Undergrad: 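This is the structure, below, for whatever I ask next.
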Amino acid sequence: MVPRTLVLAAFLATATLTGAAAKDFRFAFQSDVSSMDPYNLNEAFSLGIQGNVYEGLTRRDSNLLMQPALATGWQMMEPTRWRFTLRPNVVFHDGRPFTADDVVFSATRVRADGSDLKSRLSSVADVVKVDERTVDFVLRAPNPLLPNEWDTWYILSKGWAEDRNATRPHSAQSKDENFATRNANGTGPFQLASREPDVRSIFTANGTWWDTKTHNLTRVTMTPVAVDATRVAALLSGQIDMAFPIPAQDVARLKANPNTKVLTKPEVRAIFLGLDQSRDELLYSNVKGKNPFKDRRVRLAIYQAIDIQAIRDKVMRGLATPTAMMVGPGVAGFDPDQQRYPFDPLAARKLMDEAGYANGFRITLDCPNDRYNNDEAICQALVPMLARIGITVDLKAIPKVQYFAKIPPPKRDTSFYLLGWTAAGYDSLNTLGALVMCPSDRGAGPFNVGGYCNPEVDRLTVALSQEADQLKRAALTREAWRIVREDVAYLPLHNQILAWGVRSNVDLAQRADDILDWRHITVR
Amino acid sequence: MAAGSLLRTFALRLVQALLVLLAVAAVAFLLFRFVGDPVAQMVGQDTPPAERERLRGALGLNEPVIAQYAAFLGRAVQGDFGVSLRAGRPVLDLIGERLPASIELALAALALALLLGVPMGLFSAMRPRHALARIFDMISLAGVSVPTFVIGVLLIALFSVGLGWLPAFGRGTVVDLGGWTTGLLTGSGWMALVLPALTLAIFQLALVQRLVRAEMQPVLQSDFIRSARSRGFSERRIAWRHALPNALVPLLTVSGLQLGSTIAFAMVTEAIFQWPGFGLLLLQSLQSADIPVLAAGLMLIALFFVVINLAVDLLYLAADPRLRQERPHAG
Amino acid sequence: MLASIDRLTPWRPAFWLVTLVALVVVLPGLSPQDPMDSAAIQLADAFTPPSWIASFPFGSDDQGRDILSLLLHGLRLSLGIAALSVGLSLLIGVPLGLIAGWRRGALDSLITRLADIQLTFPAVLLAMLIDGVLRIVLPAAQSGPLAIAVLVVAIGLANWVAFARVVRGSTRVEMAKTYVLAARSLGTGRGGILFRHVMPNIAGPVIVLGTITLGTAIMTEATLSFLGIGLPPTQPSLGALIARGQNFLFSGEWWIAVLPGVTLALLIGLANLAGDRLRRQLGGGAGSGV
C-alpha cells in the first residue's frame with residue numbers, strides 16, 4: 001500500500017504542474033473577425049485580434065505610444081525617403097526567418113486588389129530592399145505621419161504566402177477561399193491553433209517569440225457572443241474570463257459580483273451630430289425653399305438645446321464624457337480645455353426666433369440602432385430636447401447595415417444624422433481631412449456628409465498634412481478646431497467610455513482604442 | 001393506370017417545384033436592394049467612397065436586379081452559389097457547416113415539445129380540475145404569450161448565472177463525423193443543448209398542449225370511448241390507445257402551419273444562445289447584407305417547403321384513390 | 001384560475017377581449033402623460049421606480065416616460081397592428097382558400113405554390129422589403145404611420161397561408177358532404193352553395209385560427225422590435241417596450257420590461273382563451289379544420 005502522504009504529494013505536484021502549465025484565457029467580443037487575413041478589413045477589432053498573431057514594423061503600447069517592433073529603428077533620409085532597419089533573429093510561426101523580402105512582399109500585397117488597407121502605403125511610391133536588414137520607402141510627397149498607422153500594417157511571410165497561393169488578399173473576383181482567411185503565420189506572441197469562424201478560435205503562446213514575454217498565457221480562446229445579455233451572463237457564470245463591450249446598465253452588477261470587475265477608459269472615438277449645410281432645401285423637412293441649417297444660429301440653437309449632462313447621466317449611465325471636440329483623448333490635437341457651448345434652452349429659443357424660426361420646423365433625424373453605445377436611446381433623448389425649442393424630430397433608427405447604405409456618399413440620404421469617428425493614426429489630421437474639409441471631386445472630405453465648407457480650414461488641413469514640426473502641427477490643429485467650433489460645423493456629443501468586464505483573477509491593460517492586447521494579460 | 005397517373009402528377013409537381021424555386025430567387029433579388037449596403041460592412045471607416053464604389057462594381061452590385069438574378073441562376077445551375085461577402089468563403093461550405101447545429105436544435109426542441117406537451121395536454125383534458133392541469137395550462141399560456149427573447153434571457157439568468165448548471169452560449173464540444181458536426185456525443189454538447197432547445201420548444205410545447213387538450217375533450221366524451229370505458233379499460237389505456245390517435249392529425253397539421261414562425265423564432269433563439277446554426281447564419285447575413293448567403297439560404301428554405309409538400313401530397317395521392325379519380329373533372 | 005373561467009359561459013373571455021379593445025380605444029385619452037407629446041418628456045425623470053403616490057404610478061422608462069401611459073398607448077398599437085394584420089391575412093387567405101378548395105386543378109396548384117413561396121420569407125425579410133417598397137412609393141410619408149403600415153403588411157402577408165390552408169381543407173370537406181351534393185343535383189348555383197352552405201361551416205375554424213394568429217402576430221411584432229426592425233422608439237408598442245426593457249431586467253429597473261410583459265401576456269392569453277371557447281362553441285374539435 002502506498003503511503004497516503006505520497007499520493008497526496010503526487011496529486012499536489014500534478015495539480016501545481018497543470019496549474020502552471022495551463023493558463024487559459026477565454027474571452028468574448030460581440031462579433032468575430034471576418035477573416036484572419038490582416039489586409040481584409042481596416043477596422044480596429046479585426047486588426048487588434050490579428051495583431052496578437054502578426055506584427056508590424058511598429059507597434060503601440062497600452063498607452064497607444066508608438067514603439068519599434070519588427071523594425072528596430074527608422075529615420076527620414078530626405079523628406080521623401082525613409083529608411084527602416086529591421087529586427088534580426090525574428091522567425092515566423094512556421095520557422096521561416098523574417099527578412100527584408102517579407103517587408104517588400106507585404107508592401108506589394110497590402111496595395112493589391114482586395115486589400116482594404118491600401119491607405120497604409122498610399123503615399124509610398126516605391127519600396128526598395130537595401131540589404132537583408134534594411135528597407136527604404138520612397139514617397140510621392142513628404143508625409144510626416146508615414147509610420148503612424150504602421151502598427152496595424154502587419155508583415156506576412158513571402159515564402160508562406162507563395163507556398164499557400166495567398167500572395168494577394170481575397171478579392172471580389174475570388175471564387176475560392178483564400179488560404180490566409182482561416183490560417184495565419186505571423187511573428188507575434190501568439191499563433192493560431194484552430195479556427196471555426198463565428199464559433200471559436202484557439203490561439204497558443206508562441207514559444208519562439210523574439211520579445212520578452214509580459215503575459216503568462218498558454219492558450220487564448222476567442223468566441224463571439226452577439227447578444228449583450230448573454231455575454232454578460234457568460235462572464236458572470238465563469239464560462240468566459242473576459243467580455244467586451246459591457247452595456248452601461250450591467251456595469252454595477254458586474255462590479256457588485258465578487259468574481260468580476262469592470263475596467264473603464266474614455267475611448268478615442270467621438271460621437272456627434274451632423275447637419276446638412278450644402279443642400280438648398282433639407283430632406284425630410286417641412287421647410288421648403290430654404291435650408292435652416294445653413295444658418296449658424298439654428299445650428300447653435302440645436303447645440304444649446306442638448307442637455308448633454310442628462311444624456312451622460314441617464315442614457316449613458318456615466319459611461320460617456322461630454323466633449324466639444326470631434327476627436328477623443330489620446331488623439332494628437334485633442335484639447336480638453338475646449339468648452340462646449342453651454343446647455344441653455346432659453347438662449348436656444350432666442351436664437352431660433354432671431355433666425356426666423358419662432359414656430360420651429362420638422363426634420364427627420366437618422367440614427368443607427370446597433371452601431372454605437374445606446375445610439376438609438378441617445379437620438380430618442382434628443383427628440384424632447386429639440387421639441388422644447390420648437391423643432392419636431394421624426395426619429396428614424398435603423399440597423400447599421402441599412403444606415404451605412406443611406407448616410408455616406410454617394411447617397412447622402414439625410415439632412416440630420418448621428419455618427420461616430422475614430423481618428424486613424426491617432427492624429428486630428430485624419431478627422432479634419434475626412435469629415436471637415438470641403439467635399440471635392442478629388443476625394444477631399446469624403447465623409448463630410450453635411451457638406452460643411454470653410455476654405456480657411458481646408459488651407460490649415462493641407463498645411464498640417466505636410467508639416468513635420470510637432471509644435472507647428474499643434475498650432476495648425478488648434479486653429480482648425482477653433483474655427484470648426486466657431487462655425488458650429490458639427491454638434492459634438494461625447495466620447496464613449498469603454499467598459500470591459502473581467503473575472504477577478506485576470507489582470508490586463510485596457511487600451512483607449514478598444515483593442516485587447518494579449519501581451520498584457522496575466523491570469524492568476 | 002394508377003401508377004401512370006402518379007408518375008404524371010409527380011412530374012408535374014417537380015416542374016412546379018422548380019418554378020417555386022425560381023420565384024423565390026426572383027423575390028429574393030428584389031429584396032436585396034433594401035437589405036442594405038454589403039460594401040459598407042466589407043470595408044473600414046476610412047475606405048474612401050471611390051474605392052467603395054469600385055468594389056461595388058466589382059461585385060456586380062451596380063448591375064440591374066434582373067442581370068444579378070440571371071447571373072446568380074446561371075452559376076446556381078452549375079452548383080456554384082458564390083462566395084460569402086462577409087466570410088470570404090464558398091456559401092455552400094458555410095451553410096453545410098451550420099445546418100447540423102440547426103437540425104439538432106430543431107429536433108431536440110420538437111422532441112421536448114412532444115414528450116412534454118402530449119402528456120401535459122392529455123392530463124389537462126382528463127383531469128381539468130386537477131391543480132397540476134391548471135399549472136400546465138398556465139405554462140402553455142406563458143409559452144404563447146412571452147416573447148422568445150425574454151424566455152431565453154430568463155432561462156440563462158436562472159440556469160447559467162443563478163444556478164451555474166448550464167452554459168449560457170455555444171454548442172459545447174462537437175465531434176466531426178465526416179462533415180456532420182454533432183454535439184450529441186459529448187457531455188458538454190448535451191449541456192449546451194438544453195437551454196436553447198427548451199427556449200425554442202416552449203412555444204411549440206404550448207401549442208401541442210393546447211391542441212391535445214382541445215382535441216381530447218370531445219373525443220373523451222364520444223361513444224366509442226364510453227364503450228371502451230364500460231368494457232373496463234384503464235383510463236391511461238383509453239387515453240393513449242384510443243383517444244390520442246384521433247388528435248394526431250390536427251396536431252401535425254397545425255405543427256406544419258407553424259413551421260414559418262418556427263424558423264423566425266429559431267433565428268432569435270440561435271442569436272440569444274450564439275448557437276452556430278443556420279438561423280444565426282441567416283441573421284448575420286441579414287445584418288451584413290451578405291447577398292450570396294441570403295440567396296442560397298432562402299432557396300434552401302424554399303426547397304425544404306417544396307419537398308415537404310411534395311411528400312405530403314404524394315402520400316395523400318397514394319393513400320386516397322378518390323383524389324386521383326376526381327382530378328380529371330376538377331379543372 | 002383558468003379552470004374557474006372554464007366553468008363560466010364560453011363567451012366570457014370574448015367579452016373581456018371586447019371590453020379590452022373598447023378600453024384600448026378609450027383609455028389613452030385618460031393616460032396621465034401623452035407619450036407622443038415629446039416636449040413634456042424629461043430625461044431627468046428616467047428610471048423612476050413604480051410608486052402609487054408619485055407622479056409615475058407604474059414608474060418611468062429609460063427616457064423618463066410614464067410607463068402607465070406607454071402601456072395604454074402601446075396596447076392600442078400592438079392590438080391595432082395585430083388586428084389589422086390578421087384582417088389582411090383573412091382578406092388574402094380566405095378567398096384564396098375558397099378558390100383552391102372549390103376549383104381544384106391548376107388554380108389550386110397555383111395558390112398552393114404561391115403559399116410555398118410565401119412561407120419561405122420570414123416576416124423579418126418581408127418587413128425590410130415592404131419598408132423599401134413603401135419608401136419608394138410614398139417618399140413623403142412620415143416614419144411613424146409608415147412603420148405601422150410596414151408591420152401590418154409584413155405580418156399580414158406572413159400569416160395568410162395558414163388561413164388559406166384551413167379554408168381550403170374545410171371547403172373540400174364540405175363540398176364532399178351529401179347535402180352539398182344534393183343541393184348541387186337540385187341545381188343550386190356554385191355561388192349559392194359557396195355562400196349558403198360552405199361559408200357558414202368554415203367560419204368556425206377561421207375564427208379560431210384568427211384568435212390564435214392574433215397572438216402570434218403580437219409576438220411577431222415584438223420579435224421584429226427585438227431585431228431592430230419595428231416601430232420608431234418614440235412610438236413603442238408593447239413588444240418594443242419589452243425589447244428595450246429586457247436590457248434593464250437585471251440592473252434593477254425590472255418594471256420597464258415586466259409591466260408591459262404582463263400586459264402582453266394578458267392580452268394574448270385572453271385572445272387565446274376566447275379562441276378556445278369559440279372553438280368549442282362553433283366547431284367542436286379543431287379537427288374540422290385547423
Side-chain angles (χ1 to χ4, degrees), chain A residues 28 31 34-35 37 40-44 46-47 113 116-119 170-178 181-182 196-200 223-227 229-234 236-239 370 398-406 408-411 421-422 424 430 434 443 446-447, chain B residues 34-53 55-60 80 82-83 85-90 93-94 97-98 101 149 152-153 156-157 160-162 164 166-171 174 181 271-274 276 280-281 283-284 286-289:
Chain A
S31 63
S34 56
S35 169
D37 190 325
N40 182 67
L41 180 61
N42 185 13
E43 175 256 347
S46 296
L47 293 171
D113 182 34
D116 191 35
L117 279 85
K118 295 187 186 117
S119 61
H170 178 87
S171 81
Q173 276 76 32
S174 312
K175 290 255 176 272
D176 301 306
E177 181 178 346
N178 191 304
T181 299
R182 271 191 297 163
E196 296 168 67
D198 293 323
V199 181
R200 106 170 38 79
T223 48
V225 179
V227 174
T230 311
R231 197 163 55 247
V232 172
L236 281 168
S237 67
Q239 195 179 350
D370 58 352
I398 51 177
K400 61 178 181 234
V401 62
Q402 291 171 303
Y403 191 72
F404 289 105
K406 182 178 156 70
K411 280 204 176 157
W421 194 268
T422 303
N430 169 268
F447 298 100
Chain B
F34 307 113
V35 293
D37 180 15
V39 169
Q41 313 303 312
M42 293 168 70
V43 299
Q45 120 188 315
D46 286 288
T47 305
E51 178 76 15
R52 292 172 189 230
E53 203 47 42
L55 183 53
R56 219 169 269 132
L59 291 168
D80 172 14
V83 178
L85 304 181
R86 184 177 62 95
R89 303 178 52 209
D93 289 7
L94 277 182
E97 274 171 23
R98 298 296 195 92
F149 57 89
V153 168
I156 290 176
S160 301
V161 180
L166 297 165
F169 75 91
R171 219 184 149 197
V174 292
T181 55
I272 287 188
F273 291 95
Q274 196 68 35
L280 184 61
L281 179 68
L283 198 62
Q284 287 169 330
L286 208 54
Q287 285 164 348
S288 56

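All figures in this text were calculated on a predicted structure; none of them were measured in a lab. Below, chains carry the letters A, B, ... as their sequence lines are ordered, and counting in each starts from 1.
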Undergrad: Relative to chain B, which of A:His170, A:Glu196, A:Arg182 shows the most heavy atom pairs under 4.5 Å?
TA: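 Highest number of pairs under 4.5 Å: A:Arg182.
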Undergrad: Over all heavy atoms of both residues, which pair between B:Val83 and A:Ser174 is shortest? Give the atoms and the distance, please.
TA: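 Taking every non-hydrogen atom into account, CG2-O, 3.6 Å.
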Undergrad: Given the options B:Pro48, B:Gly170, B:Ala101, B:Pro49, which has more heavy-atom pairs under 4.5 Å with chain A than any of the others?
TA: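 Top count of heavy-atom pairs under 4.5 Å with chain A: B:Pro49.
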Undergrad: In terms of heavy-atom pairs under 4.5 Å, which option from B:Ala58, B:Ser160, B:Gly88, B:Gly164 contacts chain A the most?
TA: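 Greatest number of close heavy-atom pairs with chain A: B:Gly88.
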Undergrad: How many angstroms lie between CG in B:Leu283 and OG in B:Ser288, if you round to the nearest 0.5 Å?
TA: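 So the CG of B:Leu283 and the OG of B:Ser288 are separated by 9.5 Å.
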Undergrad: Tell me, side chain or backbone of B:Pro90 under 4.5 Å from chain A's heavy atoms, or both, or neither?
TA: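 For B:Pro90, the side chain is the part near chain A, not the backbone.
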Undergrad: Of the backbone (N, CA, C, O) and the side chain (C-beta and beyond), which part of A:Ala229 lies under 4.5 Å from a heavy atom of chain B, both, or neither?
TA: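 Side chain only.
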Undergrad: For a side chain to side chain contact (heavy atoms under 4.5 Å, CB included) check, start with the C-alpha distance between A:Ile398 and A:Tyr403, then their side-chain angles and the critical distance, and finish with the verdict.
TA: CA-CA 6 Å; A:Ile398 51 177; A:Tyr403 191 72; 4.0 Å; yes
Undergrad: Answer yes when A:Asp198 and B:Arg98 have at least one side-chain N-carboxylate O distance shorter than 4.0 Å, and no when they do not.
TA: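 Salt bridge present between A:Asp198 and B:Arg98.
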Undergrad: Among A:Asn42, A:Asp113, A:Asp116, which has the most heavy-atom pairs under 4.5 Å with chain B?
TA: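 The candidate making the most pairs under 4.5 Å is A:Asp116.
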Undergrad: Out of A:Glu43, A:Arg231, A:Gln239, return the one with the most heavy atom pairs under 4.5 angstrom to chain B.
TA: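 Looking at each option in turn, the highest pair count goes to A:Gln239.
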Undergrad: Please classify the contact between A:Thr422 and chain B as side chain, backbone, both or neither, with a heavy-atom cut-off of under 4.5 Å.
TA: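 Looking at A:Thr422, backbone and side chain both touch chain B.
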Undergrad: With a 4.0 Å cut-off on N to O distance, would you call B:Glu97 and B:Arg89 a salt bridge?
TA: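 Here B:Glu97 pairs with B:Arg89 in a salt bridge, since their nearest N and O are under 4.0 Å apart.
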Undergrad: Would you say the side chains of A:Ser34 and A:Asn40 form a donor-acceptor pair under 3.5 Å?
TA: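 The answer is yes; a qualifying pair exists.
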Undergrad: Under a 3.5 Å threshold, yes or no: a donor from one side chain and an acceptor from the other, between B:Asp46 and A:Asn430?
TA: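 Side chains of B:Asp46 and A:Asn430: pair found under 3.5 Å.
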Undergrad: So which of A:Val232, A:Val199, A:Val227 has the biggest tally of heavy-atom pairs under 4.5 Å with chain B?
TA: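 Of the candidates given, the most pairs with chain B belong to A:Val227.
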Undergrad: Side chain from CB out, backbone as N, CA, C, O: work out which of these in A:Thr230 comes under 4.5 Å of a heavy atom of chain B, or both, or neither.
TA: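 Both parts, backbone and side chain.
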Undergrad: Main chain of A:Lys400, side chain of A:Asp370: is a donor-acceptor contact present, judged purely on distance under 3.5 Å?
TA: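 Looks like yes, one N/O pair under 3.5 Å.
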Undergrad: Among B:Val153, B:Ile272, B:Leu59, who wins on heavy-atom pairs under 4.5 Å with chain A?
TA: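 Answer, by heavy-atom pair count under 4.5 Å with chain A: B:Ile272.
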Undergrad: I'd like to know which of B:Arg171, B:Gln274, B:Glu53, B:Arg52 tops the heavy-atom pair count under 4.5 Å against chain A.
TA: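 The answer is B:Gln274.
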Undergrad: Answer with side chain, backbone, both or neither: which region of B:Gln45 has an atom nearer than 4.5 Å to a non-hydrogen atom of chain A?
TA: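 For B:Gln45, heavy atoms of backbone and side chain both lie under 4.5 Å from chain A.
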Undergrad: Name the option with the most non-hydrogen atom pairs under 4.5 Å to chain A; the candidates are B:Val39, B:Ile156, B:Val43.
TA: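 Option with the greatest count: B:Val43.
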Undergrad: How close do B:Ala168 and B:Phe273 get, counting heavy atoms only, and between which atoms?
TA: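 The answer is O-CD2, 3.5 Å.
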